[in-house]
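Chain letters run A, B, ... following the sequence lines, proteins first and then strands; every chain starts at 1. Just the heavy atoms: all of them, side chains too, but no hydrogens, waters or symmetry mates, feed the values below.
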There are 2 protein chains.
Amino acid sequence: MARPADRVAERRVPLSKERVLRTAMAIADQGGIDSLSMRRLAQELGVEAMSLYHYVSSKDDILNGIVEIVVAEIELPSGGKDWRAAVRRSAISFHDALARHRWAANLIMSGIGVGTARVRYMEALLGRLREAGFSANMTHHAYHALDSHIMGSTLWAAGYSALAKADPGAVQRFVQKLPVADYPYFAEHVDQHLTKSARDGVSEFEFGLDLILDGLEKVRSASSPRSSTRRTDRPIRRSRRPTRRPS
Amino acid sequence: MARPADRVAERRVPLSKERVLRTAMAIADQGGIDSLSMRRLAQELGVEAMSLYHYVSSKDDILNGIVEIVVAEIELPSGGKDWRAAVRRSAISFHDALARHRWAANLIMSGIGVGTARVRYMEALLGRLREAGFSANMTHHAYHALDSHIMGSTLWAAGYSALAKADPGAVQRFVQKLPVADYPYFAEHVDQHLTKSARDGVSEFEFGLDLILDGLEKVRSASSPRSSTRRTDRPIRRSRRPTRRPS
DNA sequence: TTGACAACCTTACGCCGTACGGTACCTTAC
DNA sequence: GTAAGGTACCGTACGGCGTAAGGTTGTCAA
């Protein structure tokens, strides 16, 4: 087809895993995760689908990769006296990252692999909690309470906004169609979503987050009443050596 | 190519939307939501794929339908004085329903339609909160805090157990492979998941749930001080009752 | 007997992920 | 100069997916 000279001149940016992942993210950001197919991605890169397999091992590899990129965007909790403020900021940063890439939360939750960025985030948050005086057990619970809230909250918002984007006005139509007399509270709730003024400036996410943080602080101060910060009463238990047979 | 007589004798249970949905649920329960395809479902019913379209309008219709069935399994919060106990029981019931059908949480969160069972559940919970003395605004926030926690918590557990089921020992191998010295807290966290004894009998889900409920009760009793003369404001202890539910 | 109707099937289209096997170009060695 | 080998990319094909369009069969009322 094209003469060698043309082709040489044209395609001298020879792809890379980085570029593949960035483009995949862009597609997912724009058209949703379902619009990301190998063929579509290849097309975007001016290449055939199978060529991508020189840089990634499968589509799952791509999905893992773009999730890692999102997780890497999260601001890790800083050190210092105020554990609450540090954790709060990190959680909001997490929330924001997921809001920027609405497909990410669903991917994270659907049993995808844990990459280095994810481990680093968890390590930072867990460490920050331990450092603040939480016991190992309490830290475990605190982590999951925070993580659940972040994920659940963001997933809901993502689903809602996806629907609102796909079909604006669908919510109004839906609520007008149902017997309001039978579901007054539901109607009220939907109304609150439609008229943002009712939400008094505090997002649903931050409200729940503060609820959890307040509860945690109470537990923390109750369990270590006088000690200021470093009170690692228990040494960090090493992960068990292979007591079981290493496969 | 069976003869007419055979066919008449054999297939005289002529399908129905109910039967289609039940079978779809069974497939999803057993092999995960990805294993549910129209062809597979039809095969299970001894029928061709296109025949299903006489009972459902699309695959999404099926997904909506099975989600509704799951939601209908949730125990609605009962009336009475103790709003906290009522909401708590309902939340745990929700959690259990999602645990029985691990694909459901992901479907609910991915922008699927809201059916009557879902509306009924929301109405009951919202109404119960209002009745307990929460303001409209507070009820809105409380609902989302609870919902986020239930969804987030269950989604995480679903993903984790799906991975553990698909490849038992993957977690151990993963944690042994990473540099424990660099990620001591992460290693500790994983260890806590592997040795359930560390979890002292209170599930991650219930811990977070009680954190939220305690926080809500505090807000409630602060905003309506006179109505809290009942004994409901007991100290923040949670009942140590093990939520046993043989599935 | 006829004809309407419900229940179910056949075929086909355009997607999808990816296994397998090329081919074109670049670098390096002789 | 030329041959070898590696890197980057492409063509073809397979089995699966959801579903549009239309065909066939069995049942039953008129």
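The separation between A:Glu48 atom CD and C:dT18 atom C1' is 14 Å, rounded to whole Å. When rounded to the nearest whole Å, the span between NZ of B:Lys59 and C1' of D:dA20 equals 17 Å. Rounded to an integer number of Å, the gap from A:Lys17 NZ to D:dT7 C1' is 18 Å. A:Leu52 has its CG atom 10 Å from the P atom of D:dC9, to the nearest Å. Summarising the geometry, the separation between CD1 on A:Ile62 and C1' on C:dC16 is reported as 13 Å, rounded to the nearest angstrom.
Two residues, B:Ser51 and A:Ala49, neighbour DNA chain C, and the one matched to the more 5' nucleotide by heavy-atom proximity is B:Ser51. Both A:Gly46 and B:Ser58 sit near DNA chain D, but only A:Gly46 has its closest nucleotide nearer the 5' end.
Once rounded to the nearest 0.5 Å, the distance linking CG of A:Leu76 with CZ of A:Arg89 reads 11.0 Å.
Between B:Glu204 and A:Tyr143 the shortest side-chain heavy-atom distance does not fall below 4.5 Å.
Test A:Leu155, A:Asn106, A:Ile33, A:Asp34 against B:Ser110 for side-chain contact (heavy atoms from CB on, under 4.5 Å) and you get one pass: A:Asn106.
Checking C:dC16, C:dT10, D:dG18 against every side-chain atom of B:Tyr53, the shortest atom distance belongs to D:dG18. The side chain of B:His54 lies closest to C:dA7 when the candidates are C:dT10, C:dA7, D:dT12. Comparing D:dC9, C:dC8, C:dA19 against the side chain of A:Met50 picks out C:dA19 as the nearest.
A salt bridge links A:Glu206 with A:Arg88: at least one charged nitrogen is closer than 4.0 Å to a carboxylate oxygen. Contact check on A:Arg102 versus A:Asp29 returns no salt bridge, with no Lys/Arg side-chain nitrogen under 4.0 Å from an Asp/Glu carboxylate oxygen.
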Ring pair (Phe, Tyr, Trp, His ring centres under 6.0 Å) evaluation trace for A:His193 with A:Tyr160: CA-CA 10 Å; A:His193 277 289; A:Tyr160 182 80; 5.4 Å; yes
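Every side chain to side chain donor-acceptor pair (under 3.5 Å) that B:Glu18 has, sequence neighbours left out, goes to B:Arg22.
Pairing for C:dT2 is with D:dA29, a Watson-Crick or G-U wobble pair whose two hydrogen-bonding atom distances lie under 3.5 Å.
Contacts between residues 29-45 of chain A and DNA chain C, counted as heavy-atom distances below 4.0 Å, involve A:Leu36, A:Ser37, A:Met38, A:Arg39.
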